[in-house]
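One structure below.
Residue numbers start from 1 in every chain, and the chains themselves are labelled A, B, ... in the order their sequence lines are given, proteins ahead of strands.
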Amino acid sequence: GQQVMQIPQYQHVQEGEDFTTYCNSSTTLSNIQWYKQRPGGHPVFLIQLVKSGEVKKQKRLTFQFGEAKKNSSLHITATQTTDVGTYFCAGWSSGTYKYIFGTGTRLKVLA
Amino acid sequence: DVKVTQSSRYLVKRTGEKVFLECVQDMDHENMFWYRQDPGLGLRLIYFSYDVKMKEKGDIPEGYSVSREKKERFSLILESASTNQTSMYLCASSPGLAGGSSSYNEQFFGPGTRLTVL
């Protein structure tokens with residue numbers, strides 16, 4: 001079936017190190033949204049990318065949407081303890097008309 | 001602020017029981033969604049609704065049904081709960097119609113209901 005996989009599933013980093021999570025879809029997506037879920041919390045919207053090859057930045061976070069619109073990445077520069085949580089990508093599959101979430105990457109930042 | 005509320009944070013039920021999970025949003029959103037979240041599997045869509053009395057199956061609708069009698073309320077029903085339905089259930093809402101440009105609207109999530117079926 002249609003899937004959106006994220007790697008890695010877990011990542012532990014020292015505070016100040018960089019972090020990247022990758023999102024890969026088996027089908028073309030109309031858009032990519034990124035959400036963050038703090039431990040014990042619910043997913044909260046971070047950003048959306050729509051155009052092929054698009055890059056957006058939010059302070060220390062950089063988001064990219066692949067040229068083929070089948071993959072995306074989230075890069076955090078100089079992680080802080082407040083970055084702890086699970087990061088999900090999600091997108092709308094224009095082929096199957098379904099909104100799909102990725103499997104998530106759980107980030108732990110060690111002080 | 002958009003607010004999505006769910007009827008319970010924690011729920012324990014027995015196998016075979018009928019279970020109702022309620023979700024209410026206060027922002028007049030057209031779209032409402034039910035997901036279940038399991039470790040390593042992310043969020044999987046159970047059902048969604050883009051209008052009152054309208055519903056569409058998601059990826060894992062088996063064993064579930066939904067009801068949307070009013071715009072602000074979307075209920076998830078487990079007709080006969082089973083142990084493999086033990087999970088975190090998340091409700092979400094978003095403005096606009098599902099599909100087309102409105103699918104680009106962000107989803108607002110409720111706090112979740114952790115359901116345990118014994």
A/F19 vs A/Y87 aromatic rings, parallel, tilted or perpendicular, using cut-offs 30° and 60°? tilted
Evaluate the criterion ring pair (Phe, Tyr, Trp, His ring centres under 6.0 Å) for residue pair A/Y99 and B/F48; output intermediate values, then yes/no. CA-CA 10 Å; A/Y99 187 80; B/F48 70 96; 9.3 Å; no
Chain B contact via A/Y10 - side chain, backbone, both or neither, heavy atoms under 4.5 Å: neither
B/Q107 versus chain A, the contacting section by heavy-atom distance below 4.5 Å: both
Please say which of A/T105, A/I32, A/L74 ends up in a side-chain contact (heavy atoms from CB on, under 4.5 Å) with A/C23. A/I32
Using non-hydrogen atoms and a 4.5 Å limit, figure out which bit of A/Q37 sits close to chain B: side chain, backbone, both or neither. side chain
Would you call the rings of A/Y35 and A/F45 parallel, tilted or perpendicular, where under 30° means parallel and over 60° means perpendicular? perpendicular
Interface moiety of B/L90 toward chain A, non-hydrogen atoms closer than 4.5 Å: side chain
